[in-house]
Each structure stands twice: as C-alpha cells, then as structure tokens.
There are 2 protein chains.
Amino acid sequence: MATIYEVSELAGVSLATVSRVMNKNTRVSEKTTKKVLDAMQQLGYKPNSIAQSLASNRTNSVGILVSELHGPFFAQMMAGIESALRAAGKHVIITTGHSEDDKEQDGIEFLISRKCDALILHVESVSDEYLIELSKGKTPIYLINRYVDELKDNCISLDNELGGYLASKSIVEQGHTNIAYIAGPQVKADARNRLKGHKKALHEKNIPFNDALFYEGDFNEIGGSKGLEYLLNTQLPFSALVCANDEMASGAMKYAREHGFNLPEDLSVIGFDNVIFANYLYPTLTTIDNPVEEMGEMAAKMVLQNVYQFKNLNINRVFEPTLITRDSTQAFLK
Amino acid sequence: MATIYEVSELAGVSLATVSRVMNKNTRVSEKTTKKVLDAMQQLGYKPNSIAQSLASNRTNSVGILVSELHGPFFAQMMAGIESALRAAGKHVIITTGHSEDDKEQDGIEFLISRKCDALILHVESVSDEYLIELSKGKTPIYLINRYVDELKDNCISLDNELGGYLASKSIVEQGHTNIAYIAGPQVKADARNRLKGHKKALHEKNIPFNDALFYEGDFNEIGGSKGLEYLLNTQLPFSALVCANDEMASGAMKYAREHGFNLPEDLSVIGFDNVIFANYLYPTLTTIDNPVEEMGEMAAKMVLQNVYQFKNLNINRVFEPTLITRDSTQAFLK
DNA sequence: TTGTAGGCGTTATCAG
DNA sequence: CTGATAACGCCTACAA
C-alpha cells in the first residue's frame, strides 16, 4: 500500500503538500495539485484512515445504540442514518442496549472507547441524569425518541401528543362515541403523551373519557389481547378501540377475531407507529405514521452539521405524525 | 486521557512492559503486573484503540454489507452478528449495497478503506468472479446466503433445496395433489434450489409437476398477487399454493381473500423464510424457517476463529431449514 | 504557496 | 523478564 510519503516523492513535493491537497483546507497551487493528484493516481494511493484518525483525533465514525436490532424501529432508523452518513463518507458503528440500564451504559462506553466522533442513541432505560452527565463528556450525543429538557437541542422526537390526537380525532369523526383505549406503560413519556392527545380529541367533541374503558398495556402484542379481554369483560359497549401502538393493536385484533368479531364491522381498531407489518395485518391496520426513518436521517444531519461542520442542512427536532387510513376502522353504524 | 506512558511512569516500569500486561502475550512477573494494573486503575487508563490499530495493523472491526437495511432479513442477521462480535470486543461497521452491482462494490471498497479486519457480505448483484478476485486481497471475506464454489469454506448458506422439499412435502402429505407454485426469480440460485426441492417432493409421491401451474415471481408481495391471478386464469383446479418466499405468499393471500376465497379452506398457502410478519398474517402463515440469525452468528464465529484466532468454536456452513406449521394450510378435503 | 519537524499512542523488535 | 527505540501513516503548527 502506497503511503503519503511515496506520493510526495513521485510528485516531487513535500508530504505536507500531499496532505494538503487531500484535505483541501489550505490553498495549493493548481500545478502542484495536479502533480500530486497524478502521483496518487499512478500509485493507487488510498489514505490510511487509521493514521488519519490518530493524527487528527477524528475517526469519521459515529456510534449508534439501539435497544434491539430486530425491533420494528431499528431497521428504518438505521436506513435513515446510514444513507445520510455514508454519503458524507462517515461510517456507522452499531451496538445494542437491550433496554437494560447497565447494558445500555456498556454499549455507550464501548462506542466511546472506539473513539466515535458522535453518538446517536435510542435508549430506554438509562436515566436522564446519566445522559446529562454523559453529554458533558467530549463525545457529543444525540437522542432519538427521547426528550430530555436539558439536552433539548440534541433530541429528536415525535410529537406523540399530536399523534394520539390525530388517531382519536379520526375515530371520533367517524361517529364513534364509545371508545376504549389500550395505553402503553405510563412510565414512558411517549405513552403518556399519546394518551394525552387521545383525551384532547375526546374533549374537543365533548365526549367524556371513560376510565372503565381504559387499560394500561405493555406495548407488546400480548398487552393488546389481554387489554381487549379486560375491556370486553367490563360488559360496557364500545365500537372503537384505540391502541397506543401497532403491536397492541395487532394483539387486540387477533383476540377479537378469535372471539367472533368481524373487523372492522364489529369493532374499529386503530394503532400507532405504522410499523411494516401494519400493512400485512387483516384487516390492514389504520394507524399513525411514525417517521422513524426521517428521524434517523435527521439525527445524521445534526451530527454532520454540529460535529463535522457541514453547512446548510435543514434541522428539525420535532416530527409530526400523520394518519394512515386503512381497513381496520370504519364509520360507526348504529 | 491518561496514556500508556503515564501509566508506565506511575508504575515505575517501561512503557513496553505496560503494553505487555495489556496484551498478555509475553510473560511478565506477577509483581510488575500488579504494579501496572494498579497504576492503570488509579489513572483510569483506557487504551487508545486508534493508536493500537495503527501500530498493530488490526482494527478489531468487521464490516458488514447487506442489501437493504429494512429488508426482513437484515435485522435478524445483524442481531446474530452483533451479539457474537460484541461479546468478543469487536465492533461492527454497517453499510448497504441496495442489490446493485456498483453500489455493492462501492460499499465493499468503503469497508476495506476503513481497514476492517474482515468482511461479512450479503451481496446479490456482484459477480462470482468479483468475489473470487476480492478474496485474494488481504481482507478476508465471508458470504452469507451465497454459495461460490471456489470460496466454499467462507460461505454460509441455507439448504434451500431441503427447504423447498420440506414445504412441498408437508403439502403433499396433507393430501393435496393439485399444487400450484410461485417461484422466485430463476436467476437466483436460492430460488432455483427451492424449486428443485419442490419437484423432488412431488416426484417422491408420484405427483407430476404441472408446468401450467407454475409462475415465476419476483420475491415481492406483488409477484404473489400477480402469480395467483395468473394461476387462477388458467382455470385449472388446485387446492394448494406453494410460494418460494413469504412476501409472495402474503401477496397471494391478499389477492385470494379479495377474490372471495376463504383461507385456508379454499386454498392452502405455504411460504418460505418465516419472516416476522408471517405470524401476523391472516391466517398466520405456514412456512419454512430460515435461520438467518443463526447464520449471522455463525458468520461472526467464523471471523472470530479465522481472523482473530479464537479456538473451539463449532463451525457449520450449511444450515437446515425447518417447517413451521401455522394456520394457512390444512388437509385437502375433497 | 510550500517545506520542516514534532507529535498522535501504541506495538514490536532487539538487546540486555 | 524488562527496557530502549524504531516503526505505524498522517496532520499541523511554524518557518521560510
């Protein structure tokens, strides 16, 4: 492998000059530039990125931590991050946190020890304090799907309240008035905000929120089926079911079908997130689109702008969810 | 950040000794070892991985190239790779090839320029010759889901013929004799082998393969619906439909339902791959499990063994698919 | 605009 | 078993 030194020899210049034409930061005369470029070409020179990193203290790599590699979010998020970063010649180092406090911290330390220039984190268990402390270190961090007030400039999040509102508004507008709700774990901010949006939509139409038709699930399929079971046991009537995410909606739909419901005739169901399989369910699931890929891309852009000094990138920290209407909901027929 | 030099000072030894206790390759007396370890502890010393790489010519990183980040395979494959590698202190650099020849080559060059110690590739478009040439370079490559005879020791693949056989055998054993088949693109080896297995299963039971009930799809949902449309247009009777992957099965099922079929009463459908959403379809899809995660893990193990000299790892290059019985198939009722 | 030289933090090869 | 010391390949003041 040719080194910068050989290039400089062949081009008849000093090695510093070669370095300059590579990094384009100092003016080099056109003539010498050409000589150097030619020499590089001839030798098939490729800079050694490790040596570059050691000397410049920049690795051109950004670390990504996600909870699970096989979760529905990850792939889309990654797709957004990778393409943006790759186009800029940066690379992406991946690791997982498995939604456990210590494993998330482990992963973060691992990435830092790898000298990543920045971290994009999708963490669930680690505390706000930890993150605040971490942000004081020299590796900048960016948070996806998590909002910490002290770090708000580095947070990319979805307007969950708006999403919850849009979901329930669409249900209300279809004439439903007896509406059940399966929430996510209320310790999670996104779950709380989705519920808040739901209540707001009801309130706007003067529909009272019925505590008896509320169930707190776990964001998993099983929470959906258990939730519907619970709700049916109340013997209260309801024509629509709002779920705080698609997994729970899918669990609920399965349970409903197994118990003789025709969907959506007997029950309208709406989810949240628009994960890929939402479109494969039967009936296809009406849901709220969660633009994870765009959020990933935005995280990458923030890194490019703030860490790598790219210019003119449109930064947006809060994303707006949108309603995706499919076949699992329909107007209330009395 | 403390350097190895400061550690050596505090411990009162040379920096070479410190390096030795870190790398455990040369014997160091217990006393000095302890002194060094203590000093490290006191200073909170963390080795600089970049400097290590430059000096040792090893980056402890392995590059991964997949076609698409959001494909159904990727997440599972990654999960397998990442956990194995991470446990060994190696990290994973990701990039994508988008199933296009030049982009795949680009990605590979990118990873090599990053000085990855090895590459794990899930490539579809690049030619065998390219891969053979590539393998002569100094970065070892490992192939997932692709078999190149000249590189067979570095290939991890599924026994697709067996999978195809198992799928059709289960259909045949349920009493179906009029069986339609929607294949994958026959330019792809896996698609061909799955078909081969299908024919073998038919042959075993003396059921003739009916060319008129054969359709070559594209491995996408749309290929499944178009395929079924085509097959129905033949007016030939068939009670079961074998699809070469789950996407096509899902497309076919959707088409069937929209055209008044009751599933599985009117038509048994079987897929291949057992992607996550197979279990969310309605009815849930009987399919052939493709152990992508294990294959990913195995790729990681091969790298650990061959590149990083780990010992005692069980290596297995060919994986066996298994039948997953769900609700989309049932015995033929005449 | 260009060259010189020191440094980045390790590893690895020699002697001792 | 341990210590010097030369790589590793590049960046970046500082000088010219």
Side-chain angles (χ1 to χ4, degrees), chain A residues 1-40 43-61 89 112-117 138-139 308-309, chain B residues 1-40 43-61 89 112-117 138-139 308-309:
Chain A
M1 201 80 275
T3 72
I4 196 175
Y5 184 71
E6 303 173 41
V7 174
S8 75
E9 258 192 336
L10 181 59
V13 299
S14 83
L15 113 195
T17 304
V18 177
S19 172
R20 286 186 188 108
V21 341
M22 287 180 44
N23 298 308
K24 306 175 184 190
N25 42 15
T26 321
R27 289 226 64 76
V28 179
S29 80
E30 262 187 47
K31 250 187 212 163
T32 26
T33 302
K34 185 169 172 357
K35 278 194 297 187
V36 171
L37 258 23
D38 285 350
M40 285 180 173
L43 295 171
Y45 169 76
K46 301 261 196 274
N48 179 321
S49 61
I50 300 295
Q52 286 178 317
S53 298
L54 183 59
S56 67
N57 209 22
R58 279 268 233 66
T59 57
N60 290 311
S61 69
I112 289 181
S113 80
R114 249 37 200 179
K115 305 262 180 252
C116 293
D117 295 332
K138 71 174 185 181
T139 309
Y308 297 115
Q309 275 77 46
Chain B
M1 202 77 275
T3 73
I4 197 177
Y5 184 71
E6 303 173 42
V7 174
S8 76
E9 261 193 335
L10 182 59
V13 299
S14 83
L15 113 191
T17 302
V18 177
S19 174
R20 286 188 187 105
V21 340
M22 286 181 48
N23 298 306
K24 307 177 184 186
N25 42 17
T26 320
R27 289 226 64 75
V28 179
S29 78
E30 263 188 45
K31 252 185 208 163
T32 22
T33 303
K34 185 169 172 359
K35 277 195 298 188
V36 172
L37 258 23
D38 285 352
M40 285 180 172
L43 296 170
Y45 168 76
K46 300 260 197 270
N48 180 322
S49 61
I50 300 296
Q52 285 178 317
S53 297
L54 183 59
S56 66
N57 209 22
R58 279 267 236 69
T59 57
N60 290 311
S61 70
I112 289 181
S113 80
R114 250 35 204 184
K115 304 258 180 261
C116 292
D117 296 332
K138 70 174 186 181
T139 310
Y308 296 114
Q309 276 76 46

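To find a chain, count down the sequence lines: A is the first, B the second, and so on, and within it residues start at 1.
Using a 4.5 Å cut-off on side-chain heavy atoms (C-beta onward), A/Lys115 and A/Thr139 make no contact. For the pair B/Met40 and B/Val18, the minimum side-chain heavy-atom distance is below 4.5 Å. Within the 4.5 Å cutoff, the side chain of A/Thr17 has heavy atoms near those of the A/Val28 side chain. A heavy-atom distance below 4.5 Å is found between the side chains of A/Pro47 and A/Met22.
Rounding to the nearest 0.5 angstrom, the gap separating the CD1 atom in A/Ile4 from the CD atom in A/Glu9 is 12.5 Å. Atom CD1 of B/Ile50 sits about 10.0 Å away from atom OG of A/Ser113, to the nearest 0.5 Å. Atom CG of A/Leu43 and atom CG of A/Leu10 lie 5.0 Å apart (nearest 0.5 Å).
At a threshold of 4.0 angstrom between heavy atoms, the contacts of A/Thr32 are confined to the sugar-phosphate backbone, with no base atom among them.
The outermost nucleotides of DNA chain D lying under 4.0 Å from heavy atoms of chain B, listed 5' to 3', are D/dC1 to D/dG9.
Residues B/Ala11 and B/Ala39 come closest through the heavy atom pair CB-CB, 3.9 Å.
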Along nucleotides 7-16 of chain C, 5' to 3', which nucleotides get a B, which get an S, and which get a -, given that the test is a protein heavy-atom distance under 4.0 Å? BBBBSBB---
